[in-house]
Protein chains: 2
Amino acid sequence: MAENIQEPRTLTRLQQFSKVLQSGTLQQLQLMLNGLFAAEIAHLLESLPREKREFVWELVEPDLQGDVLLDVNDDIREHLIRQMETSELVAASEGLEVDDLADFIQDLPDTVMQLVLQSMGSQDRHRLESILSYPEDTAGGLMNTDTITVRPNNTIDVVLRYLRRSRGKIPAMTDNLYVVDRDNKYLGQVPLTDLLTREPSMSIGELMNTEHPGISADMPDNDVATMFEHRELVSAPVINENNELLGRITIDDVIDVIREDAEHSLMSMAGLSEEDDMFAPVITSTRRRSIWLGTNLITALLASWVIGQFGATIEKLVALAILMPIVASMGGVAGSQTLTLVIRAMALGQIDTSNAGRLIVKELSVGILNGLVWALIISLVTILWFDDVQLGFIIGAAIIVNLVTGALAGATVPLFLKKVGADPALGGGVVLTTITDVVGFLSFLGLAALFLI
Amino acid sequence: MAENIQEPRTLTRLQQFSKVLQSGTLQQLQLMLNGLFAAEIAHLLESLPREKREFVWELVEPDLQGDVLLDVNDDIREHLIRQMETSELVAASEGLEVDDLADFIQDLPDTVMQLVLQSMGSQDRHRLESILSYPEDTAGGLMNTDTITVRPNNTIDVVLRYLRRSRGKIPAMTDNLYVVDRDNKYLGQVPLTDLLTREPSMSIGELMNTEHPGISADMPDNDVATMFEHRELVSAPVINENNELLGRITIDDVIDVIREDAEHSLMSMAGLSEEDDMFAPVITSTRRRSIWLGTNLITALLASWVIGQFGATIEKLVALAILMPIVASMGGVAGSQTLTLVIRAMALGQIDTSNAGRLIVKELSVGILNGLVWALIISLVTILWFDDVQLGFIIGAAIIVNLVTGALAGATVPLFLKKVGADPALGGGVVLTTITDVVGFLSFLGLAALFLI
């Protein structure tokens with residue numbers, strides 16, 4: 001019965017579950033699991049350390065396992081699939097909708113894939129092939145084929161009788177029926193609510209909404225997400241280049257795209273993947289992180305080499321060694337602010353050639369102004385600390401140079417990376433830090449070598 | 001008519017629009033604007049520099065202005081509202097649904113707010129007050145009051161006749177009717193699709209779905225989002241502590257929550273806000289960024305002070321100054337990877353007391369292993385570069401200390417910040433860098449002072 005529930009506070013659920021896992025009976029555990037939706041089980045599995053996860057996985061009902069596998073991240077999916085018997089995998093696949101199966105089947109071992117394909121009806125197999133013919137990150141890869149279609153010359157009354165005969169077989173998230181002609185060309189859509197409220201004698205053709213054209217099957221999935229978001233859609237038809245209806249995309253799959261895109265930016269900026277298991281084995285995590293640490297080491301060595309060029313200068317004035325990290329880090333922070341702003345705007349599709357120039361000018365202005373402000377403050381601190389006015393002027397100049405460099409690099413590096421086909425979120429930070437470190441040390445130590453020593 | 005459209009590629013649209021803005025006629029511009037949905041106009045306005053934005057804003061149809069204002073970020077909303085006449089603001093408010101008006105009305109000047117309230121019917125005003133009585137970031141603040149309710153003793157037939165009389169007045173995103181008793185207590189829900197497919201003589205009570213309990217009005221909005229995501233909901237009923245139906249939440253508002261939460265983590269980690277205008281005036285941006293740069297300066301000065309304690313040591317061995325940034329930066333990078341992982345898991349509600357210990361142990365293990373690997377590599381590089389075996393051993397030891405410190409700080413700092421009520425995404429990076437800088441310089445220079453000089 002309906003009641004005031006606290007249960008979706010996942011933290012609480014995780015804690016409750018962990019408690020039962022630790023000290024409850026197997027029956028209690030199973031009871032708890034049975035009350036959860038597939039995605040909730042997936043979320044729970046992601047939160048559990050490996051050995052607990054494997055134990056809980058054995059308790060998940062076989063007909064839910066397919067959906068749960070779809071919802072966990074790639075890393076965990078592969079791990080669980082490796083542990084499953086062929087018969088279990090076939091059973092898990094059979095419970096899935098065709099669009100979900102399409103995401104899943106490529107992760108299966110070849111023998112299992114063959115078995116699954118054999119067990120499918122020819123219509124479903126044909127549908128699956130249609131989805132698989134599009135890349136995963138396009139509208140075609142995202143769609144399902146469970147559309148309900150009607151003809152423009154049908155009346156509401158006829159459609160209602162047809163639906164009533166189907167007895168509850170309308171697919172989830174169906175808010176519109178799609179209108180097609182004899183050749184399956186997409187014409188428009190009719191909201192279910194119209195069927196309920198308009199005159200039964202009206203024809204579908206009179207009623208249909210042509211405001212939303214079909215989505216082209218090759219549209220990138222993040223454009224699909226933007227479209228759903230902006231137009232507040234629950235589902236939308238997918239068409240091919242001949243305007244033939246192929247299937248439909250539903251909001252639940254779109255939310256996954258939005259979530260993954262947003263997480264991708266966050267995780268990439270630290271050299272991580274959103275598909276990694278939080279509790280991956282230590283060796284696996286260490287190896288993955290190593291790539292990023294190695295890249296950073298090369299950057300750091302380059303910066304050290306720059307410092308090394310001024311070894312003699314530092315020997316004479318050790319204050320330079322004390323102050324130089326300030327110059328590098330202020331440039332790095334200022335640059336990373338601009339970088340993050342640009343990466344987010346790029347992810348939202350809010351920057352292109354028409355406004356990139358303006359944004360660069362603006363960020364450069366902010367960099368100059370901030371450079372002046374912080375040059376003044378840091379100069380004063382330096383003069384007070386080391387009682388050396390010249391040193392104060394030099395660090396001030398270096399701060400201005402490096403904050404301007406940071407702003408310029410933060411704005412242009414991601415745009416450049418995108419242009420050459422690299423992921424701005426992944427590479428941007430490393431390139432930026434390399435630039436601000438090198439320029440920071442070079443400007444400060446270089447000016448000192450020129451004017452001080 | 002339906003056709004293969006490319007238009008939702010926002011980049012292309014932005015470019016097209018900018019072209020018309022630059023060289024087209026006013027009529028072309030207006031035609032283009034009129035073809036867009038409110039959220040699409042908002043997205044476009046966010047992408048435009050200020051003076052173009054103000055110009056385009058004047059061209060937006062008055063009855064769309066309210067919805068557009070809702071969709072732009074806070075910064076731009078305030079700016080546009082400041083430019084509008086009282087009468088324009090009242091007109092914009094009148095076009096809004098009650099839940100949207102609730103988000104909007106608090107940003108309006110007092111005089112306008114009074115006028116809007118006066119122009120509302122008493123029923124709508126009552127509804128508005130009901131929404132405003134809940135914080136913006138709870139289910140109550142997110143809900144709309146446009147529910148359609150039915151009684152359990154009604155038959156499908158009666159409900160269908162009732163709906164047909166309403167003639168298309170079913171609110172958008174209605175996928176379920178809510179079943180309530182005489183006292184407006186929530187009992188369950190009936191999918192529209194069931195009305196279309198089941199026997200007309202069935203009673204709502206027989207048909208209704210009680211699997212989804214109502215959402216408590218005080219549930220935090222990110223918990224609501226998780227629930228929608230996991231249970232694939234389009235709408236859900238909101239109830240108060242007496243189980244009385246208050247309204248419903250729809251997926252379009254939930255997507256905004258998901259998007260904002262994800263962007264919040266990304267932007268906060270660079271000390272930015274997701275609600276800032278990309279094209280804010282230079283002075284405003286400079287001031288906002290200054291806070292972060294100032295915080296970083298304090299951190300950097302602390303690190304410099306630590307270096308300063310070893311001035312005499314550096315004077316004797318300048319290689320220390322050359323190598324010390326490597327120790328600090330490797331610790332910072334390793335730490336920030338752990339930090340990002342933990343912040344994301346916290347945002348998803350996947351970490352609590354039941355697994356935090358395990359995660360800390362795992363990250364610590366990764367830190368130790370990576371510490372050993374990179375200590376070895378960096379030691380070798382140092383020995384080859386400076387021909388000094390002792391220096392190689394010392395930097396290796398410092399690398400191990402700092403990578404372990406980074407992992408430990410990355411895992412514990414966000415958990416600690418959350419415990420004391422601070423935003424882990426905002427403060428985490430600064431605290432972490434402070435720790436890895438100080439520990440990095442201290443361990444390297446300290447060990448050198450002890451064993452080398």
Side-chain angles (χ1 to χ4, degrees), chain A residues 2-5 8-11 14-15 18 37 39-40 47 49 163 167-168 170 186 192-193 196-197 213-214 216 223 227 230-232 234 251-252 262 265-266 270 282 285-286 289 296 300 304 307-308 311 314-315 318 321-322 326 329 333 336-337 340 349-350 352 354 358 365-366 369-370, chain B residues 2-5 8-11 14-15 18 37 39-40 47 49 163 167-168 170 186 192-193 196-197 213-214 216 223 227 230-232 234 251-252 262 265-266 270 282 285-286 289 296 300 304 307-308 311 314-315 318 321-322 326 329 333 336-337 340 349-350 352 354 358 365-366 369-370:
Chain A
E3 55 196 38
N4 188 323
I5 47 162
R9 293 180 183 261
T10 38
L11 270 175
L14 178 57
Q15 277 168 326
S18 298
F37 288 72
E40 292 171 334
S47 314
L163 289 177
R167 295 198 171 272
I170 300 182
Y186 174 71
L192 286 189
T193 51
L196 288 168
T197 56
S216 168
D223 286 350
M227 191 182 188
H230 287 168
R231 302 189 170 187
E232 304 187 353
V234 171
I251 186 75
D252 51 322
S265 296
L266 179 69
V282 172
S285 290
T286 303
R289 310 266 175 97
N296 181 66
S304 288
I307 301 171
I314 293 172
E315 237 164 16
V318 80
I322 296 171
I326 296 179
S329 92
V333 167
S336 75
Q337 290 197 307
T340 305
Q350 292 191 317
D352 63 20
S354 76
R358 280 298 300 267
S365 311
V366 173
L369 199 54
N370 254 326
Chain B
E3 57 196 35
N4 189 326
I5 49 163
R9 290 178 185 262
T10 39
L11 270 173
L14 178 58
Q15 277 167 328
S18 297
F37 288 70
E40 292 171 334
S47 314
L163 289 177
R167 294 199 171 273
I170 300 182
Y186 174 72
L192 286 189
T193 51
L196 288 167
T197 55
S216 169
D223 286 349
M227 192 180 185
H230 288 169
R231 301 188 172 188
E232 304 188 353
V234 171
I251 187 74
D252 51 324
S265 295
L266 179 69
V282 173
S285 290
T286 304
R289 308 268 176 97
N296 181 66
S304 289
I307 301 171
I314 294 172
E315 237 164 17
V318 80
I322 296 172
I326 296 178
S329 92
V333 166
S336 76
Q337 291 197 306
T340 306
Q350 292 190 320
D352 64 21
S354 74
R358 280 299 299 266
S365 310
V366 174
L369 199 54
N370 254 324

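Just so it is clear, the structure is predicted and the values come from calculations on it, not from any experiment. Values below: all heavy atoms of this structure, side chains included; hydrogens, waters and symmetry mates excluded.
- Most heavy-atom pairs under 4.5 Å with chain A, from the set B:S365, B:A262, B:S336: that is B:S365.
- Going from atom CG of B:L14 over to atom CG of A:D352 covers 4.0 Å, rounded to the nearest 0.5 Å.
- Atoms CD1 and OG1, from A:I170 and B:T197 in turn, are 5.5 Å apart once rounded to the nearest 0.5 Å.
- Listed options B:E232, B:R358, B:Q337 were ranked by heavy-atom pairs under 4.5 angstrom with chain A; first place goes to B:Q337.
- Listed by chain and residue number, B:S329 satisfy the side chain to side chain donor-acceptor pair (under 3.5 Å) test with A:N296 (two or more places apart in sequence, or in another chain).
- Only the side chain of A:I251 has a heavy atom closer than 4.5 Å to any heavy atom of chain B.
- No other option in B:V282, B:L196, B:I314 has as many heavy-atom pairs under 4.5 Å with chain A as B:L196.
- The side chain to side chain donor-acceptor pair (under 3.5 Å) test applied to A:S285 returns B:K362, not counting sequence neighbours.
- Interface remark: of the candidates A:G308, A:A39, A:A321, A:P49, A:A39 forms the most heavy-atom pairs closer than 4.5 Å to chain B.
- Ranking B:I326, B:V234, B:T286 against chain A, the residue ahead of the rest is B:T286, based on heavy-atom pairs under 4.5 Å.
- For the set A:S265, A:A270, A:S304, the count of heavy-atom pairs under 4.5 angstrom toward chain B peaks at A:S304.
- Separating the CE atom in A:M227 from the CD atom in B:E40 is a distance of 7.5 Å, to the nearest 0.5 Å.
- When all heavy atoms of A:F37 and B:H230 are compared, the closest pair comes out as CB-O, 4.0 Å.
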